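Please read the structure below before turning to the comments.
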Amino acid sequence: MATDDFFKKVYSVVKQIPTGRVCSYGAIARYLGSTRSARMVGWAMNASHNHTEFIPAHRVVNRNGVLTGKNFFGGQHVMQELLESEGFIVEDDQIINFKERFWDPNTELPDFQ
DNA sequence: AACTTGACGGTCA
DNA sequence: ATGACCGCCAAGT
């Protein structure tokens, strides 16, 4: 699997995250077949700002619901504001009710070939 | 070519 | 619950 394809697949999954829901890096990595680690998903998000299309990267957090990538949104609370504008409650860089808000492509989407 | 650094995650003490 | 450790793998130095 080429790296470019991996990027596109990550983006396509992230774009399918419904508004008001969040996903984790590891969940996306698993959905794409574990050929790549969660770090690679984070790496793909790091490059997502180059993509002409809008990628809702703020809906992707780590497995604890923590906004680990907030420093990549220009300001330090831009990501938090984006999430709060979508109805999330963020406290101390962590999403409250993360469990209820979690959206897992492995269960919400058909299996990836 | 060798070493370090992460938008990570699982395990174990 | 907390923290150390390890596997992961592309990029940067």
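These numbers were taken from a predicted model, which means no experiment stands behind them. Chain letters run A, B, ... following the sequence lines, proteins first, then strands; residues in each count from 1.
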**OP:** Would you grab the first and last nucleotide of DNA chain C (5' to 3') that comes under 4.0 Å of any non-hydrogen atom in chain A?
**Re:**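 Answer, 5' to 3': dG7(C) to dA11(C).
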
**OP:** With sequence neighbours left out, write down each residue that passes salt bridge (charged side-chain N to carboxylate O under 4.0 Å, His left out) with Glu84(A), or none if nothing qualifies.
**Re:**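 Salt bridge (charged side-chain N to carboxylate O under 4.0 Å, His left out) check on Glu84(A) returns nothing, list empty.
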
**OP:** Identify, with sequence neighbours excluded, every residue that meets salt bridge (charged side-chain N to carboxylate O under 4.0 Å, His left out) alongside Lys15(A).
**Re:**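 For Lys15(A) the salt bridge (charged side-chain N to carboxylate O under 4.0 Å, His left out) partners, ignoring immediate neighbours, are Glu53(A).
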
Original post:
Tell me, which of residues 10-30 of chain A have any heavy atom that sits under 4.0 Å from an atom in DNA chain B?
Top reply: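 Here the set is Ser24(A), Tyr25(A), Gly26(A), Arg30(A).
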
Subject >> Neighbours of DNA chain B within residues 65-97 of chain A, by heavy-atom distance under 4.0 Å >> reply: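 The stretch gives Thr68(A), Gly69(A), Phe72(A), Phe73(A) as the residues lying under 4.0 Å from the strand, ordered by number.
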
Original post:
Which word best sums up how the rings of His58(A) and Phe54(A) line up, parallel for under 30°, tilted for 30 to 60°, or perpendicular for over 60°?
Top reply: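 His58(A) vs Phe54(A) ring planes: tilted.
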
Subject >> Exercise: identify the closest heavy-atom pair between Cys23(A) and Ile28(A) >> reply: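 What the structure gives for the nearest pair is SG-CG1, 3.7 Å.
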
**OP:** Considering non-hydrogen atoms only, spot the tightest contact between Thr68(A) and Tyr25(A) and give its length.
**Re:**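 Here Thr68(A) and Tyr25(A) meet closest at OG1-OH, 3.8 Å.
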
**OP:** Answer yes if Val66(A) and Val90(A) sit in the same cluster of Ile, Leu, Val, Met, Phe, Trp and Tyr residues linked by side chain heavy atoms under 4.5 Å apart, and no otherwise.
**Re:**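 No; Val90(A) is not reachable from Val66(A) via cluster members.
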
Original post:
Does Ile17(A) share a hydrophobic cluster with Ile89(A), counting links as ILVMFWY side-chain heavy atoms below 4.5 Å and allowing steps through other members?
Top reply: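 In one cluster: no.
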
According to side chain to side chain contact (heavy atoms under 4.5 Å, CB included), who are the partners of [X], at least two apart in sequence or on a separate chain?
| X | answer |
| --- | --- |
| Ala29(A) | Val41(A) |
| Thr19(A) | Arg59(A), Glu86(A) |
| Asn106(A) | Ala27(A), Arg30(A), Tyr31(A), Asp104(A) |

**OP:** Give the rounded distance in Å between these two atoms: CE of Met40(A) and P of dG6(B).
**Re:**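 Answer to the nearest Å: 13 Å.
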
Original post:
Between dA7(B) atom P and Asn64(A) atom CG, what is the distance in whole Å?
Top reply: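 Going from CG in Asn64(A) over to P in dA7(B) covers 16 Å.
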
Original post:
Counting any heavy atom closer than 4.0 Å, what does Asn46(A) reach on the DNA or RNA strands: base, sugar-phosphate only, or nothing?
Top reply: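 Base contact.
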
**OP:** Starting at the 5' end of DNA chain B, write a dot or bracket for each base, bracketing those in Watson-Crick or G-U wobble pairs whose two distances are under 3.5 Å and using | for partners on another strand.
**Re:** .|||||.||||||

**OP:** Sequence neighbours left out, what passes ring pair (Phe, Tyr, Trp, His ring centres under 6.0 Å) with Phe98(A)? Give chain and number order.
**Re:**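 Listed in chain order: Phe102(A).
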
Subject >> Same-atom distance (C1') from dA7(B) to dT2(C), integer angstrom >> reply: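 It works out to 22 Å between them.
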
Original post:
Which residues satisfy the side-chain hydrogen bond (donor to acceptor under 3.5 Å, both in side chains) test with Asp93(A), sequence neighbours excluded?
Top reply: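 With sequence neighbours excluded, Asp93(A) shows a side-chain hydrogen bond (donor to acceptor under 3.5 Å, both in side chains) to Lys70(A), given in chain and number order.
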
Original post:
Restricting to pairs with a member in residues 41-51 of chain A, which pass salt bridge (Lys or Arg N to Asp or Glu O under 4.0 Å), not counting sequence neighbours?
Top reply: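 Salt bridge (Lys or Arg N to Asp or Glu O under 4.0 Å) check on residues 41-51 of chain A returns no pairs.
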
